[in-house]
Amino acid sequence: MREANDQRRTADGFFLPDLCAIQPLLLLIVVSQLVAILVVLARSGLAGFDWAGFGLVSFFALWVAVPGAFLLCRLRPQLARLPGAWGAVAAYAIVLALTAVVSSGGLMFLRLQPGLQAADLPVVLGHVLMAGIVTGIMFRYLYLQQQLGQQQQAELRARLDALQARIHPHFLFNSMSIIASLIPTRPQAAEQAVEDLAELFRASLARAGTEVTLGHELELCRRYLALEALRLGDRLRVEWQVDGVPEQLPIPLLTLQPLLENAVVHGIQGRVDGGTVRVVIRYQQGRVAVEVSNPLAEAGQPAAGSSNGNRMALDNIRDRLRNLYGDEVVLDLQCSDGQAVVRLAYPVRGMAA
């Protein structure tokens, strides 16, 4: 399985798309038919368009395009492993060789005689030359598309890294102070706190956009809340409503934890008597819906950050999710009746509802 994954990653970096997929195959067929139209127009002109000739050229173009797509699709992993530009050269040679075979076979079929004649050689060479020009243009276009895609992915990755870096856990110094105070009196609790902190920072250093299971994300959330509970004590209370939700659901790493951090920092710690953070997660019709609610900070009580900081953190989370899932992501904050409620919804692909 590991070898198959390595081959897939290598093929994904090759400039040729997966020609077994419907969209690239249809595009290739359309291009072949457009080339056939141009060839016939160059020969007969628009007024006396040669429909019979178009049928032959179209048939020939399809016999090159479809088998060529199949061959390149099947050989794509091997071509991608060739060093340098040799993969492109080999793919180019495959198309030219196939064109020569189809052209020769077509001429023999039209004559109903085996073997080629001397007069057939210029015709075959002409077909190969034409296929070489069209294939060269197509390969150049696909190469530029692949380079553009890689550049966009790099820019997206840098954007995600920057956004994720801005929501690293900011309670490091508080946590370290608490751990230092626990070491003389409660060494086991201090050890557990160090493990929780290490797991959270390991997650924050992971590659941006990494998807994990919902169970893994919930475990990170519980580790974070355990650290905050050491600081806030009984002032922090948490209610979970996640029963019946599959723990194997995919979710981007560090999606729920920042929501809980906002609830604690901008709500619970700004109240003398603390409060309850409620987390409700549902999964219906291919969408995950998350709701995190907490009481607002009391007037006159200091709360770390500000409403602007809270909004900025939510905007960062929304940007990360929309970069991954598109405009189907919903994330909003509503404050009323002394409660702040954050609602998040995003699509899950590839799982039955």
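Keep in mind that the numbers below use all heavy atoms, side chains included, and drop hydrogens, waters and symmetry copies. All residue numbers in this chain count up from 1 along the given sequence. If you're wondering where the values come from, they're calculated on a predicted model, not measured in any experiment.
When atom types are taken as modelled, the side chain of R282 and the backbone of A289 share no donor-acceptor pair closer than 3.5 angstrom. Side chain of D18 to main chain of C20: a donor-acceptor pair is present (N/O by atom type, distance under 3.5 Å, no hydrogens or angles). Side-chain atoms of R318 never come within 3.5 Å of backbone atoms of V330 as a donor-acceptor pair (strictly under, hydrogens ignored). Side-chain atoms of R343 do not come within 3.5 Å of backbone N or O of L333 as any donor-acceptor pair. The closest donor-acceptor contact from the side chain of R186 to the backbone of I183 lies at 3.5 Å or more, if one exists at all.
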What pairs of donor and acceptor atoms, side-chain ones from residues 56-73 against any protein atom, are under 3.5 angstrom apart with sequence neighbours left out?
from, atom 1, to, atom 2, distance (Å)
S58, OG, Q33, OE1, 2.3
S58, OG, Q33, NE2, 3.4

Side-chain donor/acceptor pairs under 3.5 Å, residues 91-102, sequence neighbours excluded:
from, atom 1, to, atom 2, distance (Å)
Y92, OH, G132, O, 2.9
T99, OG1, V95, O, 2.8

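In this view, V277 and L236, L260, A263, I268, V279, V292, N294 satisfy the side-chain contact (heavy atoms from CB on, under 4.5 Å) rule, not counting sequence neighbours.
A cation-pi arrangement is present between R222 and W240 under the rule of less than 6.0 angstrom and at most 45 degrees off the ring axis.
With rounding to the nearest 0.5 Å, the separation of CG in L232 from CZ in R271 is 13.0 Å.
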Full working for side-chain contact (heavy atoms from CB on, under 4.5 Å) between L125 and L129: CA-CA 6 Å; L125 291 178; L129 178 61; over 6 Å; no

L259 and L344: CA distance, side-chain angles, deciding distance, side-chain contact (heavy atoms from CB on, under 4.5 Å) verdict: CA-CA 10 Å; L259 299 181; L344 164 67; 4.2 Å; yes

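Judged by distance alone, the side chains of Q188 and Q192 never bring a donor and an acceptor atom under 3.5 Å apart.
Between F54 and F49, the angle of the ring planes lies from 30° to 60°, which puts this pair in the tilted group.
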